[in-house]
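One structure below.
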Amino acid sequence: MIFEIEPVEQARPRAAYIGRRIIMYDPEKVKNFKKELSQLARLHYHDDPFNGTLEIEVSFYRPVQKSLSKIERARRLSGAHRPTVKPDLDNYIKSTLDALNGVLWTDDARIVDLHAHKYYSDDPHIEITVTEL
């Protein structure tokens with residue numbers, strides 16, 4: 001499945017006092033990303049969530065920085081130069097898998113094999129392949 005949404009990394013949760021209790025919550029950018037990705041998944045996937053043992057392959061296509069030479073831009077878009085800058089791949093994975101809980105799979109604890117990739121693209125998006133083992 002291809003989701004036409006720019007990947008957003010999972011940020012540290014924020015804390016707030018409500019009375020005498022502390023609650024933890026996602027920053028606004030992450031919360032909006034998870035909500036939008038979940039809605040996109042519901043539009044693309046109409047079956048029941050996977051409940052078995054799963055293998056996931058996910059590719060994150062992030063935008064190319066604007067302040068690059070034409071040569072470097074071409075290298076990045078061709079895949080010759082892959083993203084080695086922040087955000088980290090594991091933070092992209094966390095926000096994406098959390099957003100798809102209850103939609104593509106019942107719980108991301110079902111995932112036993114995960115392959116993840118980070119690329120540059122003029123068209124930021126996320127590609128996910130789910131295989132039930």
Should V64 and L89 be counted in the same cluster of Ile, Leu, Val, Met, Phe, Trp and Tyr side chains packed under 4.5 Å apart?
-> no
Which atom names give the shortest non-hydrogen contact between R82 and G79, and what distance separates them?
-> CG-O, 3.8 Å
Mind checking what makes ring-ring contact (aromatic ring centres under 6.0 Å, His included) contact with Y120, not counting sequence neighbours?
-> none
NZ of K31 to CD of E28, rounded to nearest 0.5 Å, is 4.0 Å
Co-membership, hydrophobic cluster, residues I2 and L97, 4.5 Å side-chain | no
Between atom CD1 of I126 and atom CD1 of I93, what is the distance when rounded to the nearest 0.5 Å?
-> 11.0 Å
How long is the gap from CD1 on I128 to CZ on F60, to the nearest 0.5 Å?
-> 6.5 Å
Side-chain donor or acceptor of N101 paired with backbone N/O of D108 under 3.5 Å = yes
Is the backbone of R12 close enough, under 3.5 Å, to the side chain of R14 for a donor and an acceptor to pair up by distance?
-> yes
Are any of the side-chain heavy atoms of L40 and E4 separated by less than 4.5 Å?
-> no
Shortest non-hydrogen contact from G102 to P49?
-> O-CG, 3.4 Å
Looking at V103 and A41, what are the two nearest heavy atoms and their distance?
-> CG1-CB, 3.5 Å
Can you find a pair of side-chain heavy atoms, one from L54 and one from E132, that are under 4.5 Å apart?
-> yes
Check whether V130 and I5 end up in the same hydrophobic cluster, where Ile, Leu, Val, Met, Phe, Trp and Tyr are linked by side-chain heavy atoms less than 4.5 Å apart.
-> yes
To the nearest 0.5 Å, atom OG of S38 lies from atom CG of L104 at 9.0 Å
Indicate if V58 and L133 have the same hydrophobic cluster label, given that clusters are the connected sets of ILVMFWY residues with side-chain heavy-atom separations under 4.5 angstrom.
-> no
More than 12 foreign heavy atoms under 6.0 Å from CG of L43: is that the case here?
-> yes
Measure the CG-NE2 distance between L68 and H81 for me, rounded to the nearest 0.5 Å.
-> 9.0 Å
Kindly say whether N51 contributes a backbone atom to a donor-acceptor pair with the side chain of T106 at under 3.5 angstrom?
-> no
Say whether Y25 and V30 are linked into one hydrophobic cluster, either directly or through other cluster members, by side-chain heavy-atom distances under 4.5 angstrom.
-> no
Given side chains that start at C-beta, do those of P7 and K118 come closer than 4.5 Å, heavy atoms only?
-> no
State, yes or no, whether a side-chain contact exists between E127 and E57 at a heavy-atom distance under 4.5 Å.
-> no
Nearest 0.5 Å please: distance from the CG atom of L100 over to the CG atom of L37.
-> 4.5 Å
With D122, the salt bridge (Lys or Arg N to Asp or Glu O under 4.0 Å) member among K66, R62, R76, R73 = R73
If we only count heavy atoms from C-beta on, is the W105 to I56 side-chain gap below 4.5 Å?
-> yes
Heavy-atom side-chain contact between Y61 and D123 under 4.5 Å | no
Using 4.0 Å as the upper bound for N to carboxylate O, is an ion pair formed by D90 and K94?
-> no
Show your reasoning for whether side-chain contact (heavy atoms from CB on, under 4.5 Å) applies to Q10 and D26.
-> CA-CA 8 Å; Q10 179 68 48; D26 281 332; 3.0 Å; yes
Least distance between heavy atoms, E6 atom then P63 atom = OE2-CG, 3.5 Å
